[in-house]
*Asks:* 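The structure is given below, and queries will be raised subsequently.
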Amino acid sequence: MPPITHVIFDMDGLLLDTERVYTEVTQLVLDKHSPGARFTWDVKSKLMGRTGNEAATMVVNTYKLPMTPQEYLDITSVIQEDLFPHVTPLPGVEKLIRHLHKHNIPMAVATSSTRSKFNLKTSLNKDLFSLFETVICGDDPEIKKGKPHPDLFVAAQKRLGNPPAENCLVFEDAVNGIQAALNAHMNVVWIPDQNIRDLTGEEKHGATMVLHSMEDFIPEKVSLPAYK
């Protein structure tokens with residue numbers, strides 16, 4: 001692998017423990033409007049990394065809910081507003097971000113979340129997220145398509161000064177995100193939830209490396225400064 005000079009992070013389920021909230025809120029809606037239906041990881045894995053509108057359409061169609069995708073988004077947004085401000089960083093995240101920032105490694109967040117949802121989710125961790133040079137959100141004007149399309153990562157690359165894609169390292173938890181990074185011709189570290197691993201087995205989906213946790217990442221393996 002060429003030396004890594006720039007790092008781009010997904011957010012949901014990778015930096016912050018938000019996927020748990022999405023699962024809880026979706027199941028609450030199913031309990032009310034489709035009794036007996038379960039929001040399984042088989043379905044959830046297909047939604048991860050997609051824009052809100054794409055994910056809402058898939059949920060409404062999969063479970064044949066008696067509402068439009070926009071109505072689904074309106075219902076879930078009300079519940080999420082109470083839960084998202086309390087999410088915390090996942091293990092190893094703060095250590096790595098502060099380490100890379102200390103060593104002047106340019107970093108970006110590229111999330112499918114809307115800007116308003118990003119602000120809600122990061123409200124307890126503004127200091128940490130201030131260390132990123134830029135944040136790309138799913139409703140930014142230059143984002144035409146969500147993951148697995150490369151738009152989010154290409155936009156992050158441009159805002160970081162347009163370094164060569166081969167020198168960019170993406171951290172992702174979703175298979176759709178891996179594909180988006182590969183479509184942008186970047187290297188990928190995949191840190192999936194164990195439920196995703198159980199579904200996919202040992203398949204790497206093209207990722208450069210697969211880790212159980214951000215705590216397992218060894219920076220010098222990709223030519224980044226080592227932890228002291």
Side-chain angles (χ1 to χ4, degrees), residues 9-91 93 110-114 116-118 120-122 124 137-139 145-149 152 171-181 188 190-207 210-214:
F9 295 88
D10 172 50
M11 183 177 71
D12 290 301
L14 187 282
L15 296 179
L16 296 176
D17 187 20
T18 51
E19 290 297 347
R20 173 182 50 81
V21 173
Y22 278 115
T23 299
E24 180 181 341
V25 171
T26 302
Q27 190 59 55
L28 285 172
V29 174
L30 294 183
D31 289 344
K32 183 174 181 179
H33 297 282
S34 184
R38 302 301 301 170
F39 185 45
T40 63
W41 273 92
D42 180 50
V43 176
K44 182 179 175 68
S45 65
K46 298 181 176 114
L47 308 182
M48 293 170 68
R50 296 187 183 274
T51 64
N53 287 333
E54 290 171 339
T57 300
M58 292 174 75
V59 171
V60 169
N61 291 343
T62 298
Y63 294 101
K64 298 180 172 54
L65 297 179
M67 62 186 73
T68 65
Q70 186 57 53
E71 288 169 336
Y72 173 84
L73 288 173
D74 292 341
I75 292 169
T76 55
S77 289
V78 172
I79 310 171
Q80 290 167 353
E81 282 180 13
D82 290 330
L83 301 176
F84 276 145
H86 304 289
V87 297
T88 55
L90 287 159
V93 166
T111 174
S112 300
S113 289
T114 61
S116 62
K117 287 280 171 60
F118 168 83
L120 195 64
K121 293 168 183 175
T122 60
L124 277 184
C137 291
D139 59 348
K145 293 182 178 180
K147 302 169 186 177
H149 297 279
L152 281 157
F171 283 83
E172 262 290 352
D173 70 314
V175 174
N176 285 328
I178 296 174
Q179 193 57 56
V188 197
W190 184 32
I191 308 179
D193 186 282
Q194 187 57 46
N195 290 284
I196 300 291
R197 292 295 279 158
D198 291 343
L199 279 175
T200 62
E202 295 304 311
E203 174 61 48
K204 291 177 66 176
H205 301 282
V210 182
L211 304 176
H212 290 290
S213 165
M214 193 80 80

*Asks:* Applying side-chain contact (heavy atoms from CB on, under 4.5 Å) to Phe171 and Met214, what does each step give before you reach the verdict?
*Replies:* CA-CA 9 Å; Phe171 283 83; Met214 193 80 80; 3.7 Å; yes

*Asks:* Are the side chains of Leu15 and Pro89 in contact, using a 4.5 Å heavy-atom criterion?
*Replies:*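 Side chain of Pro89 against side chain of Leu15, heavy atoms only: no contact under 4.5 Å found.
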
*Asks:* Can you check side-chain contact (heavy atoms from CB on, under 4.5 Å) on Leu47 and Phe39, steps first, answer last?
*Replies:* CA-CA 11 Å; Leu47 308 182; Phe39 185 45; 3.7 Å; yes

*Asks:* Could you measure the distance from the NE2 atom of His86 to the CG atom of Leu120? Nearest 0.5 Å is fine.
*Replies:* 9.0 Å

*Asks:* Could you walk me through whether Asp10 and Lys147 pass the side-chain contact (heavy atoms from CB on, under 4.5 Å) check?
*Replies:* CA-CA 11 Å; Asp10 172 50; Lys147 302 169 186 177; 3.0 Å; yes

*Asks:* Indicate the atoms forming the closest heavy-atom contact of Glu24 with Leu83, along with that distance.
*Replies:* OE2-CD1, 4.0 Å

*Asks:* By side-chain hydrogen bond (donor to acceptor under 3.5 Å, both in side chains), which residues pair with Ser213, not counting sequence neighbours?
*Replies:* none

*Asks:* Does the gap between the ring centers of Tyr22 and Phe84 come in under 6.0 Å?
*Replies:*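 Yes, close enough.
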
*Asks:* Is the shortest side-chain heavy-atom distance between Arg38 and Asp31 below 4.5 Å?
*Replies:* yes

*Asks:* Between Ile191 and Leu14, is there a side-chain heavy-atom distance shorter than 4.5 Å?
*Replies:* yes

*Asks:* Please evaluate residues Glu19 and Asp193 with respect to the criterion side-chain contact (heavy atoms from CB on, under 4.5 Å), reporting the C-alpha separation (whole Å), side-chain torsions for both, the decisive distance (0.1 Å), and the verdict.
*Replies:* CA-CA 10 Å; Glu19 290 297 347; Asp193 186 282; over 6 Å; no

*Asks:* State which residues pass side-chain hydrogen bond (donor to acceptor under 3.5 Å, both in side chains) with Ser77; sequence neighbours excluded, sorted by chain then number.
*Replies:*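 So Ser77 forms a side-chain hydrogen bond (donor to acceptor under 3.5 Å, both in side chains) with Lys117.
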
*Asks:* Check whether any side-chain heavy atom of Asn176 sits under 4.5 Å from a side-chain heavy atom of Pro148, and report yes or no.
*Replies:*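 Touching, per the 4.5 Å side-chain cut-off.
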
*Asks:* Might you point out which heavy atoms bring Val59 and Leu65 nearest each other, and give the distance in Å?
*Replies:* CG1-CD1, 4.0 Å

*Asks:* At what distance, to the nearest 0.5 angstrom, does CG of Leu28 lie from NE2 of His33?
*Replies:* 10.5 Å

*Asks:* I need the Glu54 CD to Lys145 NZ distance, nearest 0.5 Å.
*Replies:* 9.5 Å

*Asks:* For the residue pair Gly146 and Thr51, what are the closest heavy atoms and their distance?
*Replies:* CA-CG2, 3.7 Å

*Asks:* Please find the pair of heavy atoms, one from Arg50 and one from Lys46, that lie closest to each other, and give the distance.
*Replies:*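 For Arg50 versus Lys46, the nearest heavy atoms are NE-O, 2.8 Å.
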
*Asks:* Taking Leu30's backbone N and O only, do any of them form a donor-acceptor pair with Ser34's side chain (distance below 3.5 Å, no angle check)?
*Replies:*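 The answer is no, because no donor-acceptor pair under 3.5 Å joins these two groups.
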
*Asks:* Are side-chain heavy atoms of Trp41 and Met48 found at a separation under 4.5 Å?
*Replies:*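 Yes; the side chains approach each other to less than 4.5 Å.
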
*Asks:* Quick check: closest heavy atoms across Gln70 and Asn53, and the distance to 0.1 Å?
*Replies:*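 Minimum heavy-atom separation between Gln70 and Asn53: OE1-OD1, 4.4 Å.
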
*Asks:* Taking all non-hydrogen atoms of both residues, which atom of Gly206 and which atom of Glu203 are closest, and how far apart?
*Replies:*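 Reported closest heavy-atom pair: N-OE2, 4.5 Å.
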
*Asks:* Not counting sequence neighbours, which residues clear side-chain hydrogen bond (donor to acceptor under 3.5 Å, both in side chains) with Asp139? List them please.
*Replies:*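 Scan of Asp139 (side-chain hydrogen bond (donor to acceptor under 3.5 Å, both in side chains), adjacent residues dropped) gives none.
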
*Asks:* Would you indicate whether the side-chain heavy atoms of Met11 and Thr122 approach each other to under 4.5 Å?
*Replies:*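 Side-chain contact under 4.5 Å: yes.
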
*Asks:* Whether the side chain of Glu172 engages the backbone of Ile178 through a donor-acceptor N/O pair (distance < 3.5 Å, no angle test) should be reported.
*Replies:*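 Between the backbone of Ile178 and the side chain of Glu172 there is no qualifying donor-acceptor contact (under 3.5 Å).
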
*Asks:* Can you tell me how far apart OH (Tyr72) and OG1 (Thr68) are? Round to the nearest 0.5 Å.
*Replies:*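 So the gap between those two atoms works out to 12.5 Å.
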
*Asks:* Is the shortest side-chain heavy-atom distance between Trp190 and Ile196 below 4.5 Å?
*Replies:*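 Yes, their side chains come closer than 4.5 Å.
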
*Asks:* Answer yes if the side chains of Asp12 and Ser112 hold a donor-acceptor pair under 3.5 Å, and no otherwise.
*Replies:*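 Side-chain D/A pair, Asp12 to Ser112: absent.
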
*Asks:* Once rounded to the nearest 0.5 Å, what's the spacing between atom OG1 of Thr18 and atom NZ of Lys121?
*Replies:* 5.0 Å

*Asks:* Find out whether Val210 and Arg197 are in side-chain contact, i.e. whether some heavy atom of one side chain is under 4.5 Å from a heavy atom of the other.
*Replies:*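 Yes, their side chains come closer than 4.5 Å.
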
*Asks:* Ignoring hydrogens and angles, tell me if any N or O in the side chain of Ser45 forms a donor-acceptor pair with the backbone of Asp42 under 3.5 Å.
*Replies:* yes

